[in-house]
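Structure, as structure tokens:
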Amino acid sequence: MSAASPAPNGKRVLLAKPRGYCAGVDRAVVTVEKALEKYGPPVYVRKEIVHNKHVVDTLRERGVIFVEETTEVPEGALVVFSAHGVSPAVHAEAEERNLRTIDATCPLVTKVHKEVNRFARDDYDILLIGHEGHEEVEGTSGEAPDRVQLVDTADDVDTVEVRDPSKVVWLSQTTLSVDETMERVDQLKERFPGLADPPSDDICYATSNRQVAVKAMAAECDLVLVVGSRNSSNSKRLVEVALQAGAREAHLVDYAREVDESWLRGADTVGVTSGASVPDVLVLELLDYLAERGWEDVQEVTTANEKITFALPRELRDGEKTRSGVR
Ligand code: 2E4
Ligand code: SF4
């Protein structure tokens, strides 16, 4: 690690802070670990607990069985719902099958579910900005399927129809690009000038903080490496934001070994960050990989210090302070 003076070989790493685990991911991973400890394997988890290959593989080795749907869970067994949230229909299905459930939905996703309920109750049409097919969007829409319409692409803005343009609100997925979402909102407001804003930001603190941090360093970077999995929305957004903010090149990798040596050719400054579902051990492995190739000088670029934590689901609270073992 070094201070501001450049390394003799001109190579340096800018390391974004904040990066990696957010409070909702830590809570979800600890939930599964504690469920394993308390009830013993197998513990079933519906969908990936968070969208990270390393986390999922590690938990699978410890006795977690990941399933796509609750219908795959044996009657009476324990199932954990993932951090991305589930619709009321999934809760009902689990109850019908007498499953024991622990809900690891991030409280900030639950907040959006509650907003959907409230606006649906007040008979609003809800335009949910988000990515088609993403689990979070499926869970959130499922709170009021008759009232929610998904707005993903710019084309969707032109095609959505509402019953009363003076009673329409936009809400969003928690892990979108802040800038792209505001563009979509502006487009929607051109069509529906009476469009109401959400009562508070739906894009969560962790998503926006990681975008601010990568933006702060992107223009100085010849290459930005984002550690994260292909199905991780917030991680993918970091690649896009880095490119939009002036990085010459940016790539998403699950592991250091996926870095293509050709990306490094001619690069002096390499930016490193990671998505909200990424254990920091994977970033440390990437820093080791870069150090072995001459990028030993690592300068942290800090744009915020995060202190937020969430209590575990009720079923697992025992007063102890915990931190996930998969870090
Ligand atoms: C729940 C909500 O949503 P995304 O694909 O970014 O999920 P990931 O698991 O990568 O990140 C954690 C998370 C979980 C984010 N928002
Ligand atoms: Fe919760 Fe935000 Fe983390 Fe998603 S990224 S789990 S909404 S804190």
Side-chain angles (χ1 to χ4, degrees), residues 16 18-32 45-59 64 66 80-87 90 103-116 128-142 150 152 171-178 180-181 198 200-214 226-241 252-254 273-280 282-283 304 306-313 324 326-327:
R19 63 177 178 278
Y21 268 22
C22 60
V25 165
D26 201 43
R27 173 182 187 264
V29 177
V30 172
T31 294
V32 177
V45 176
R46 181 186 178 277
K47 311 277 185 190
E48 294 190 350
I49 184 69
V50 296
H51 293 148
N52 185 264
K53 200 172 172 343
H54 175 77
V55 171
V56 168
D57 289 346
T58 307
L59 292 173
V64 171
F66 290 95
V80 178
F81 293 139
S82 83
H84 314 94
V86 293
S87 67
V90 172
D103 190 355
T105 304
C106 175
L108 299 182
V109 173
T110 304
K111 187 201 81 171
V112 185
H113 282 223
K114 286 183 178 153
E115 287 170 356
V116 168
L128 180 68
I129 303 178
H131 295 300
E132 178 128 46
H134 191 282
E135 281 144 42
E136 180 183 325
V137 156
E138 284 172 359
T140 307
S141 312
L150 183 67
D152 184 348
L171 301 175
S172 87
Q173 190 178 334
T174 58
T175 51
L176 303 181
S177 147
V178 174
E180 213 183 297
T181 304
S200 63
D201 292 347
D202 289 339
I203 297 179
C204 79
Y205 80 96
T207 300
S208 58
N209 283 351
R210 279 150 193 69
Q211 289 173 17
V212 168
V214 82
V226 178
V227 184
S229 292
R230 306 256 139 226
N231 58 346
S232 167
S233 166
N234 79 88
S235 305
K236 285 199 291 192
R237 302 296 79 82
L238 291 174
V239 174
E240 294 166 0
V241 169
L252 185 67
V253 291
D254 258 301
T273 187
S274 55
S277 46
V278 179
D280 220 38
L282 300 179
V283 172
E306 294 177 345
K307 299 259 167 7
I308 182 163
T309 57
F310 295 129
L312 286 175
S324 152
V326 195
R327 293 193 77 89

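Just so you know, ligand 1 is whichever comes first in the structure, and atom 1 is the first atom listed for that ligand. Scope of the values below: all heavy atoms of this structure, side chains included, with no hydrogens, waters or symmetry mates.
Ligand 1 lies under 4.0 Å from heavy atoms of V25, V50, H51, A83, H84, V109, H134, E136, T174, T175, N231, S232, S233, N234, S277.
Ring pair H51/H134 is perpendicular by interplanar angle, where above 60° counts as perpendicular and below 30° as parallel.
In K53, the NZ atom is not crowded: 12 or fewer heavy atoms of neighbouring residues, nucleotides or ligands sit closer than 6.0 Å. In this structure, E306 places its CD atom where more than 12 heavy-atom neighbours from other residues, nucleotides or ligands lie under 6.0 Å away.
Checked by atom type, the side-chain pair S229/N231 shows no donor-acceptor distance below 3.5 Å.
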Are E136 and C106 close enough, and set up right, to give a side-chain contact (heavy atoms from CB on, under 4.5 Å), and what steps lead you there? CA-CA 10 Å; E136 180 183 325; C106 175; over 6 Å; no
Apply salt bridge (Lys or Arg N to Asp or Glu O under 4.0 Å) to residues R230 and D254 and explain how you reach the verdict. CA-CA 8 Å; R230 306 256 139 226; D254 258 301; 5.7 Å; no
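Counting only distance, with no hydrogens or angles, the side chain of S233 and the backbone of T175 share a donor-acceptor pair below 3.5 Å.
Residues N52 and L282 meet the side-chain proximity criterion, which asks for heavy atoms closer than 4.5 Å.
Each of Q173, K47, R46 was compared with E135 under the side-chain contact (heavy atoms from CB on, under 4.5 Å) criterion, and only K47 meets it.
Listing protein N, O or S atoms at distances below 2.8 Å from atom 2 (Fe) of ligand 2, with waters left out, gives C204 SG.
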